[in-house]
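Fair warning: this is a prediction, and the values are worked out from it, not measured in the lab.
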Amino acid sequence: MQCLADALGECVAAGEATSTDLFSDAIALWLGLHGLAHQRAVTRAFPWPKDIAERIIGALAHLNDA
């Protein structure tokens, strides 16, 4: 988890993200990615938007151009 928080912190330092709570946002991102991976694995016939991963990652990581 610390690795993910550190990576998010690097994005903030580079001006690419606006997180103000790195650890909590890293947890949210981790949960969102696991949820996406699980749902894609069990609902293969669902018409997933092509950019769903980017939407989830951008929103949960507070990326600037999300």
* Answer with yes or no whether the hydrophobic clustering places V12 together with L63; edges join I, L, V, M, F, W, Y residues whose side-chain heavy atoms lie under 4.5 Å apart. => no

* Linking I/L/V/M/F/W/Y whenever any side-chain heavy atoms sit under 4.5 Å apart, do I57 and L31 land together? ->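 Cluster IDs for I57 and L31 match.
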
* Quick check: are there more than 12 heavy atoms from other residues, nucleotides or ligands sitting under 6.0 Å from CH2 of W30? -> no

Which heavy atom in [X] sits nearest to a heavy atom in [Y], and how many Å separate them?
X	Y	result
A28	L60	O-CD1, 3.4 Å
A61	A17	O-CB, 3.6 Å
D25	S19	OD2-OG, 2.5 Å

Atom pairs and distances, side-chain donor-acceptor, residues 39-46, under 3.5 Å, sequence neighbours left out:
unit_1 : atom_1 : unit_2 : atom_2 : d
T43    : OG1    : Q39    : O      : 2.4
R44    : NE     : A41    : O      : 3.2

* Asked: Going by heavy atoms in the side chains, are L29 and L8 under 4.5 Å from each other?
  ->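 No, every pair of side-chain atoms sits at 4.5 Å or beyond.
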
* Asked: Would you find a donor on one side and an acceptor on the other, under 3.5 Å apart, between the side chain of D51 and the backbone of E54?
  -> no

* Asked: For T18, which residues count as a side-chain contact (heavy atoms from CB on, under 4.5 Å) partner, sequence neighbours excluded?
  -> H62, N64

* Distance, nearest 0.5 Å, that separates CD of Q2 from CG of L4 ->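 It comes to 9.5 Å.
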
